[in-house]
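Below is one structure; the comments refer to it alone.
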2 protein chains.
Amino acid sequence: MQQDTSKYSLITPSAPIATPTHGGRAKCLQRLLRLDLPVPTTVALSFDAIKSIASGELPDLGAILGHFDPDDLLCVRPSSESPDWGGPSAILNIGMNSDRFSELSKELGATAAAELYLRFIQSYSVNVARLDPDMFDHITGTDETAMREALRAYEDETDEEFPQDIATQLAEVLRSMARAWDGTSARLLRQAKGAPADAGLGLVVQKMAFGLGHGKCGSGVLQLVNSDTGASQITGRYRTQSQGREALEQTKGALYLTRDARGPSLEENAPAIYQKLVSHAQLMRRKLREEMQIEFTIQDGELHILDGVRVARKSRAAVRIAVSLAQDGIITKEEAVMRIEPRALGELLHRQVDPEAPRDILATGVAASPGAASGKIVFSAEAAQASASRGEACVLVRRETSPEDIRGMHAASAVLTERGGMTSHAAVIGRGIGLPCVVGASSIRFQMNKRRLTLPDGRILKDGDIITVDGTNGQILDGTPPMIEAALDDTFQTLLTWAEDISDIKVRANADTPSDAQTARNFNAHGIGLCRTEHMFFDADRLTVMREMIFSDSAMDRRAVLDRLLPMQRADFIELFRIMQGLPVCIRLFDPPLHEFLPSDRAGLLDLIEASKDGAPVVPEIMIPLVSAKREVELVKTRVDAIAAAVRTETGQSFDYRLGVMVETPRAALRADDIALNSKFLSFGTNDLTQMTYGLSRDDAGRFMSTYVKQGVFPEDPFHVLDAEGVGELLRIGVERARRERPDIVISICGEHGGSPESIALCRKIGIDYVSCSPFRVPIARLAAAQLAISEKIG
Amino acid sequence: MQQDTSKYSLITPSAPIATPTHGGRAKCLQRLLRLDLPVPTTVALSFDAIKSIASGELPDLGAILGHFDPDDLLCVRPSSESPDWGGPSAILNIGMNSDRFSELSKELGATAAAELYLRFIQSYSVNVARLDPDMFDHITGTDETAMREALRAYEDETDEEFPQDIATQLAEVLRSMARAWDGTSARLLRQAKGAPADAGLGLVVQKMAFGLGHGKCGSGVLQLVNSDTGASQITGRYRTQSQGREALEQTKGALYLTRDARGPSLEENAPAIYQKLVSHAQLMRRKLREEMQIEFTIQDGELHILDGVRVARKSRAAVRIAVSLAQDGIITKEEAVMRIEPRALGELLHRQVDPEAPRDILATGVAASPGAASGKIVFSAEAAQASASRGEACVLVRRETSPEDIRGMHAASAVLTERGGMTSHAAVIGRGIGLPCVVGASSIRFQMNKRRLTLPDGRILKDGDIITVDGTNGQILDGTPPMIEAALDDTFQTLLTWAEDISDIKVRANADTPSDAQTARNFNAHGIGLCRTEHMFFDADRLTVMREMIFSDSAMDRRAVLDRLLPMQRADFIELFRIMQGLPVCIRLFDPPLHEFLPSDRAGLLDLIEASKDGAPVVPEIMIPLVSAKREVELVKTRVDAIAAAVRTETGQSFDYRLGVMVETPRAALRADDIALNSKFLSFGTNDLTQMTYGLSRDDAGRFMSTYVKQGVFPEDPFHVLDAEGVGELLRIGVERARRERPDIVISICGEHGGSPESIALCRKIGIDYVSCSPFRVPIARLAAAQLAISEKIG
């Protein structure tokens with residue numbers, strides 16, 4: 001890239017400083033200057049300047065020092081394009097030497113002057129001369145004696161005098177920082193955080209405000225919000241006679257910023273300066289349109305703003321900050337929506353292990369249902385129910401779960417299984433009822449008879465031991481690490497309402513039970529996109545009956561069983577429709593050959609109809625699964641229409657329904673034009689479609705997909721991120737052909753992929769009307785959809 | 001359809017008679033007239049004429065009778081568009097009545113005249129008046145007494161006098177024939193033979209040549225070839241004082257045509273007439289360009305040609321007739337090729353149960369390997385080997401076969417299993433070694449311990465009972481029905497050579513073993529399109545070793561096992577390459593993850609190379625299976641290329657190979673452009689591709705596909721006939737994208753579909769270079785390919 005800006009620029013309101021050439025810190029300091037804030041004189045060195053220095057060129061010291069007084073002390077701080085990419089440590093007090101020590105002793109007092117020099121000697125030795133920090137271990141205190149001992153230690157170690165010339169000092173600092181940026185570990189670290197291979201480093205050289213000496217002196221940091229919650233709250237620390245961020249590092253003896261019962265505060269000690277500081281912070285928030293943390297120094301009663309950085313924040317704080325900024329008219333709603341990473345919302349939907357807490361990871365498995373919970377280990381559903389009746393949280397441990405375990409799952413706080421994947425019984429139920437769940441933890445030896453677990457490292461867990469299941473990360477943790485509660489508060493709802501207003505693709509939920517439906521409704525889903533009737537039978541009461549049906553030999557036997565089953569299902573439908581009233585509900589028929597009798601069965605259809613009469617009208621959508629040819633649709637349609645007509649005649653009631661197809665086979669996608677002929681809607685079932693497109697079952701894929709992704713065979717696991725090139729191509733072909741035949745057909749995708757931002761991007765591009773995902777992913781999908789709409793609008 | 005030809009036409013060389021308006025018989029008679037053959041006066045009634053009569057219009061008798069003398073007797077015969085579609089029985093001697101009886105008694109003698117009248121009364125009563133044939137049961141003889149009894153029986157039954165007026169007789173005959181054609185059973189019968197719903201009936205009204213009376217009188221049929229073999233041989237019968245085809249129906253007392261040691265012949269009795277007849281037949285063959293059967297009558301020493309029909313023939317005869325006609329310059333080679341139904345060739349490749357012999361079908365199963373064989377039932381491979389050593393043919397009966405049964409299969413004449421489908425072990429091996437095989441005969445109860453089979457009807461078969469396995473039709477037959485031997489003779493080879501010259505798509509064979517390869521070579525396959533290395537291990541010796549490999553835990557263990565396995569495989573490769581020398585051989589690698597070490601393994605590659613050095617050069621083609629992404633190809637290619645380079649350096653020998661991909665997943669087809677980048681060839685594996693496109697396993701499909709086909713959900717079972725709309729669409733997309741990226745890429749299909757005429761049509765249309773099919777299907781595929789090329793040329 002051609003750099004036409006100067007390599008060395010004094011930062012002024014009009015200097016040619018830009019983040020991509022000088023880094024974020026240099027740009028931020030320029031913005032603060034433009035706000036007339038009291039920023040000390042600063043020179044910015046561009047990425048190109050540092051690159052030249054790293055490659056051996058001498059720095060142009062004249063271009064820096066020319067902007068400062070000969071007596072000024074200087075500091076150098078890194079300025080990379082993104083603050084997340086790290087950088088070398090700041091070096092303060094450059095320019096200190098024996099002569100300056102003498103002069104400053106007179107000016108600030110010997111103690112302050114000695115401390116300034118001592119700090120410089122120490123950081124220069126460690127960060128620039130790369131000496132062992134242990135060499136200063138014997139030095140206690142910060143007075144002149146300590147300073148002289150440090151000078152001696154440096155000379156002993158290097159056989160040279162400590163450099164006394166500011167030009168030499170600055171040159172060495174710049175060179176060491178430039179090289180540190182090029183080191184292998186620094187490079188790997190920043191690339192892991194998303195930095196490109198050629199990410200550049202800029203540096204800023206600033207005149208020191210000492211924070212030490214006569215009069216009111218000290219340093220601190222301030223921000224206007226709480227980093228954990230995002231709530232409006234002046235937060236920070238101040239320490240007299242200190243430099244940099246010492247007030248945060250050594251909080252003992254530090255002052256609160258605002259009046260506080262626990263101790264003295266800056267607000268009381270220096271009310272005028274405090275007020276000025278707060279008003280500076282508010283100005284920065286308004287003009288920089290972001291919550292900023294201010295680094296400030298008071299020197300003999302005068303306030304200096306040294307730096308401003310974006311406030312670090314947890315996900316929930318990020319949501320509140322963005323919403324507040326928009327509500328205060330500082331940013332637009334669109335900007336607020338754009339500022340939240342959709343996946344980060346996941347953290348807000350469930351209770352989580354505090355990401356900053358230490359973790360004792362006992363084993364890992366498949367992250368099957370998000371959220372975290374702790375409890376005593378139990379090995380049976382009965383034990384889980386007993387535990388719940390005693391009011392004790394428990395984790396249900398099973399080889400795999402089956403419908404007989406449902407009551408135990410409801411009683412447990414979390415579930416851990418040896419077997420299964422994302423579509424196993426435990427995973428499906430866990431996600432449905434919001435129960436944290438790790439499945440397929442096959443590295444643990446499950447000794448169910450002995451009621452114990454042998455961990456990969458040989459440790460043994462017994463009945464009653466306390467563990468934590470982290471279903472978000474697929475980890476089993478020892479004990480009870482600190483948790484962060486779910487945060488589905490007003491701010492969260494406000495953000496989602498904005499997202500809903502902006503997004504141009506609808507979001508429905510996959511919901512199989514009334515409880516799923518309630519979650520979907522709470523998240524304002526635009527309806528149910530996939531209701532798998534067979535999942536209604538994942539319940540012990542109904543399972544036995546259901547099994548009888550599946551294994552019965554004749555159609556007549558099946559019908560008899562069905563007569564017992566239908567009333568159960570009918571109650572569920574009525575409840576589910578009541579919850580979803582006014583919204584569409586799409587019901588998938590049983591897979592063939594079961595769909596031969598349900599609900600093209602008259603009683604089944606009656607269910608739907610009776611349920612839809614109750615409360616506000618619901619127009620049921622009937623979806624035929626596993627179709628490959630037009631004729632299959634015709635056959636089912638003829639049957640359903642005939643039954644509906646008969647029911648209409650019999651009951652004298654008019655009602656409506658819509659018939660569509662679940663496109664799960666490559667053939668159905670290729671023949672979407674044929675299939676559209678008799679379909680009001682098509683819904684792509686991307687789980688099965690992915691399996692068939694790759695010729696892999698999801699379980700097979702689990703065994704080698706991570707290796708494949710690592711080797712770059714596939715950019716991502718197609719069962720996690722929709723495969724845009726393969727499956728996406730079938731979607732594109734399918735949508736194009738279906739619309740050619742029937743332009744008004746409603747097209748959607750359902751399946752695990754539905755809620756991912758990448759899938760939504762693809763769906764918008766090829767003109768899909770809505771996505772349907774698990775209820776807890778609805779907010780994520782909606783936010784992603786809104787961001788895509790905004791990105792497109794702003795080009 | 002607008003008919004502008006006359007409804008009633010005297011057949012003359014220039015009359016406007018055409019098969020689609022008047023039927024094949026009318027047209028043939030016109031052709032015979034054009035050859036100046038002695039055909040009696042004939043009037044053709046068009047389809048429209050008969051349609052009018054069927055709907056109630058009176059026939060225009062004047063337009064018919066005007067062409068005959070008042071004294072002529074007439075016959076009426078059907079003339080539909082295709083002779084296969086059937087039609088009402090011919091009625092002879094129309095015009096007979098009491099007056100004509102008196103006159104003819106003088107002319108021909110009372111006996112002949114009575115017989116003429118008797119026949120007419122009988123056939124009129126049964127076919128026109130629809131009376132019960134039993135009414136004539138008491139009448140014996142054909143003399144005047146018999147005739148009078150018949151007249152009385154008619155009058156008793158109808159209370160009417162037998163119609164005496166020729167106009168009345170003819171009108172009733174025409175009306176009854178027209179209505180018979182419209183009857184439900186006639187309609188269903190002809191539609192089952194491929195007639196369209198609106199197929200028309202024409203009729204021909206011909207002056208009778210009696211074949212009875214004074215002088216040399218009689219009737220007969222003659223053809224120049226044997227219907228079973230197609231060999232040149234004057235064949236037929238003649239009977240004095242007879243009408244129609246009586247000579248064939250009552251052979252007792254009939255004459256041979258040619259001089260014959262067994263009895264008198266027409267050649268001896270009437271040499272001049274005989275010579276004239278043969279020369280008429282030869283003229284017809286030459287001018288009608290087909291082997292015709294002549295129906296003739298001699299009336300008082302004068303020869304009349306009444307009719308000519310295409311000689312009925314068995315498949316082997318069809319081949320010989322077509323080849324002879326072409327060799328005699330009567331038709332072109334292209335026409336000869338067009339005259340053989342490709343599927344009929346299947347009958348010639350294997351020994352078959354005579355299709356005309358009665359069958360006692362004991363049970364049915366999957367027709368897994370074609371051909372038929374009889375033998376004693378044995379229940380173990382050892383018993384089969386023992387039986388073979390005694391020289392006794394046996395049928396090996398197993399629940400399912402496994403590699404331990406291979407020796408027994410080689411020893412048996414046929415195999416019958418309870419389980420499995422088209423891709424089961426028994427089926428694959430059976431087709432490979434040409435052993436008739438029926439699998440999945442689950443309607444039989446296999447009681448292996450008791451060594452007996454209980455049939456669906458309760459009959460029991462024991463060890464030693466003789467049955468016949470018809471692997472072509474999937475039937476188990478009782479005893480030893482008559483067989484037809486395979487007919488891979490010179491004529492067959494000649495036809496295939498012509499087909500090969502004409503066809504514009506190549507045909508290779510799928511061959512896994514040297515014995516498959518030999519069959520492929522015998523059928524002139526253009527190489528091997530699919531050699532599945534793992535099938536080389538379907539052999540008891542190797543299987544144990546192979547299993548060790550598959551179940552071994554580490555890559556190192558696998559390699560150790562491989563070192564034992566490779567020498568076995570190497571010998572097979574050397575033999576297979578020797579057989580195929582000069583032709584390409586395409587070897588599929590193991591499915592992943594086995595392909596990680598074979599034959600990208602150095603030793604494996606050496607195998608290929610060593611084998612290809614032996615004899616004439618073979619350029620091995622290495623095919624990667626189950627690919628879905630470009631990167632998979634890159635990884636394998638890098639590995640194979642590196643190993644090849646190392647081997648080149650080490651051995652100092654140069655050699656060549658080509659790397660390609662087996663496209664078996666929908667994704668690979670969709671990304672064929674990416675995959676073509678690193679591939680010299682692509683081969684579509686349509687078996688797996690069909691499974692994935694429909695989301696069905698072949699075994700699953702077996703359970704319901706026949707119901708689906710019957711209901712018209714799918715026009716055909718896509719595992720039997722390539723699904724042009726779904727799988728074919730993926731092929732089309734794949735070919736287009738691959739060629740866009742790499743125009744010179746060689747593209748083929750392999751799999752069970754490869755040899756079917758429908759698949760070949762599709763492959764030609766989308767520009768596929770060759771098809772690969774099982775060795776025994778190579779001739780069928782080649783013939784189909786030639787026919788398609790010819791059809792396209794003649795538009």
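Chain A is the first sequence line, chain B the second, and so forth, proteins listed ahead of strands; every chain is numbered from 1.
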Any salt bridge linking A:Lys637 with A:Glu634? Criterion: basic side-chain nitrogen under 4.0 Å from a carboxylate oxygen.
no
Short side-chain to backbone donor-acceptor contact, A:Arg742 and A:Ala676, under 3.5 Å
yes
About how many Å separate OG of A:Ser628 and CG of B:Asp723, when rounded to the nearest 0.5 Å?
8.5 Å
Which of residues 725-734 of chain A have a heavy atom under 4.5 Å from any heavy atom of chain B?
A:Glu725, A:Gly726, A:Glu729, A:Leu730, A:Arg732, A:Ile733
Could B:Arg740 and B:Glu736 be called an ion pair, given the rule that one side-chain N must be under 4.0 Å from one carboxylate O?
yes
With a 3.5 Å distance limit and no angle check, can you tell me whether B:Asp512 reaches the backbone of B:Arg532 through a side-chain donor-acceptor pair?
yes
Residue part contacting chain A, namely of B:Phe714, when any heavy atom lies under 4.5 Å
side chain
Spatial distance of atom CZ (A:Phe684) from atom OG (A:Ser772) [nearest 0.5 Å]
14.5 Å
